[in-house]
Amino acid sequence: AEAGWVTGSPPKDAGEAQLWAREGRTPYSVKVGDHWYSFSSDATFGMTMGFAADVQTTLQHGDISPQDVDEWQEVVAAGISAIADTTTDKSFMQGFSQFNDMLSDPDRYAQSEINSTITGFLPLSGASAWATRLNDPTARDARTPMDALNAMTGPLAERVIPKRTLWGETLGNPKLSTVNSLSPYRVSEEKLSPIDQELDRLRVYPKSLGWKESVLGTDMDFSEDPKALDEYRRLAGNGWKHPAWNLGLKDFLDQTVKGEGPMSQVYAMYADGTEGGKASFIKDWIRKYREGAARALLDDPKFVGFKARWE
């Protein structure tokens with residue numbers, strides 16, 4: 001667990017959870033080679049490994065010293081929570097677990113739980129979703145119950161925009177891949193990048209663009225034009241190229257943290273940590289690239305309707 005080869009419960013922070021998804025890291029899993037293998041289906045082994053991983057996470061994120069007896073109470077609490085979380089990850093308890101997530105963080109979980117509940121009433125809904133994903137393995141960003149229905153219904157899935165990472169890349173759905181549909185142990189391929197490793201080291205977790213965002217100072221709701229949001233995410237992640245060095249955001253930050261970019265020497269001068277200069281540098285360039293992406297989106301004639309609403 002200390003070496004980072006075992007994971008416990010999923011992160012509570014949405015940005016960190018998104019980083020896990022980008023890297024292919026899954027909850028309650030062990031890394032073997034370049035793949036993560038879920039152990040949550042094995043009750044005894046899963047509880048033990050989940051406990052170890054969550055205790056280690058508490059030590060890292062809370063900076064708890066073993067000499068501080070009072071704070072070790074938090075470690076014990078984390079262990080108890082790990083056992084509970086590993087148990088609720090079982091298929092027969094997932095409904096309760098998801099309902100609890102919705103109550104604890106409605107802004108993050110409510111819409112997905114409502115969508116899941118409604119689609120669950122459909123006959124053969126699981127089989128339909130599995131068959132759809134075999135032909136369309138892309139995870140879909142279902143904002144409404146109707147989106148959720150379309151996403152699991154063959155060719156209608158294309159009507160729902162794909163989920164995209166912070167870097168504008170489309171996300172797959174490993175739970176519904178052919179291998180994971182036939183095996184009790186979910187498998188996910190590890191996908192590492194220099195900037196994601198640096199963000200994890202700094203413990204800085206920026207989030208991808210959501211349905212409601214400020215676009216060049218104007219608050220916009222993208223629900224009326226999902227395709228504009230999809231293009232905005234793509235451009236802001238790595239699609240829009242900075243005129244000074246012709247690099248998208250991800251490529252620019254990858255080169256920067258590797259010491260090979262046009263701003264690498266400046267970056268190296270800054271301090272580490274969540275509040276350090278390196279964290280501020282990364283956040284500032286994410287903001288600048290989003291501004292450039294927003295201008296490109298508004299100049300695109302395909303999105304003249306969105307521009308009219310923005311104006």
Side-chain angles (χ1 to χ4, degrees), residues 14-15 17-19 21-22 106-116 118-119 132-133 135-173 195 205-244 246-253 282-311:
Q18 290 175 8
L19 183 141
R22 293 196 300 273
D107 290 339
R108 181 176 172 190
Y109 295 108
Q111 191 60 60
S112 61
E113 175 63 12
I114 291 170
N115 294 346
S116 176
I118 291 175
T119 57
T132 297
R133 289 299 186 264
N135 295 316
D136 176 30
T138 303
R140 299 287 167 179
D141 194 357
R143 188 184 62 85
T144 66
M146 182 56 69
D147 285 345
L149 293 173
N150 287 336
M152 57 183 289
T153 314
L156 297 181
E158 295 292 336
R159 296 184 180 181
V160 185
I161 64 172
K163 286 185 178 180
R164 291 187 183 271
T165 69
L166 177 65
W167 313 125
E169 301 157 336
T170 57
L171 276 172
N173 194 332
I195 181 56
Y205 305 109
K207 294 186 290 185
S208 59
L209 291 164
W211 285 90
K212 294 181 179 180
E213 291 287 345
S214 176
V215 179
L216 299 179
T218 301
D219 292 336
M220 297 296 295
D221 185 342
F222 284 89
S223 60
E224 295 184 40
D225 200 339
K227 291 185 178 179
L229 174 59
D230 184 50
E231 180 66 1
Y232 189 23
R233 287 170 172 171
R234 187 190 70 81
L235 290 169
N238 206 41
W240 180 76
K241 310 300 181 185
H242 194 286
N246 195 34
L247 293 172
L249 175 62
K250 183 176 185 295
D251 292 338
F252 167 70
L253 291 176
I282 293 170
K283 292 175 183 176
D284 191 43
W285 277 105
I286 290 175
R287 177 185 59 79
K288 290 177 180 178
Y289 266 86
R290 287 182 175 180
E291 290 175 354
R295 292 189 179 94
L297 179 70
L298 293 169
D299 288 341
D300 191 331
K302 295 195 300 291
F303 301 106
V304 62
F306 175 78
K307 182 177 181 179
R309 286 191 293 274
W310 175 79
E311 291 175 336

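What you see below is based on every heavy atom in this structure, not just the backbone, and it leaves out hydrogens, waters and symmetry mates. Each residue takes its place number in the sequence, starting with 1. A quick note: this is a predicted structure, and the numbers were derived from the prediction, not measured.
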Please find the pair of heavy atoms, one from L249 and one from G237, that lie closest to each other, and give the distance. CB-O, 3.3 Å

Any S214 side-chain heavy atom under 4.5 Å of M220 side chain: no

Which pair of heavy atoms, one from A236 and one from R290, lies closest together, and at what distance? CB-CG, 3.9 Å

Less than 4.5 Å apart, any side-chain heavy atom of L297 and any of V215? no

Atom pair CG (D141) and CH2 (W211), whose distance is rounded to the nearest 0.5 Å: 5.5 Å

Side-chain heavy-atom pair N238, F252 within 4.5 angstrom cut-off: no

Parallel, tilted or perpendicular for Y289 and H242, by the 30°/60° rule? tilted

Check R164 with D230, please: is the shortest side-chain N to carboxylate O separation under 4.0 Å? yes

Using the ring of W285 (Phe, Tyr or Trp, six-membered ring only), decide whether K288 places NZ or CZ under 6.0 Å from its centre and within 45 degrees of its axis. yes

Counting C-beta onward and ignoring hydrogens, is there a side-chain heavy-atom pair between K250 and T165 closer than 4.5 Å? no

Can you find a heavy atom in the side chain of P226 that is under 4.5 Å from one in the side chain of R143? no

Looking at K163, I want to see if its NZ is surrounded by more than 12 non-hydrogen atoms of other residues, nucleotides or ligands under 6.0 Å. no

Going by an N to O cut-off under 4.0 Å, is there a salt bridge joining R287 and E291? yes

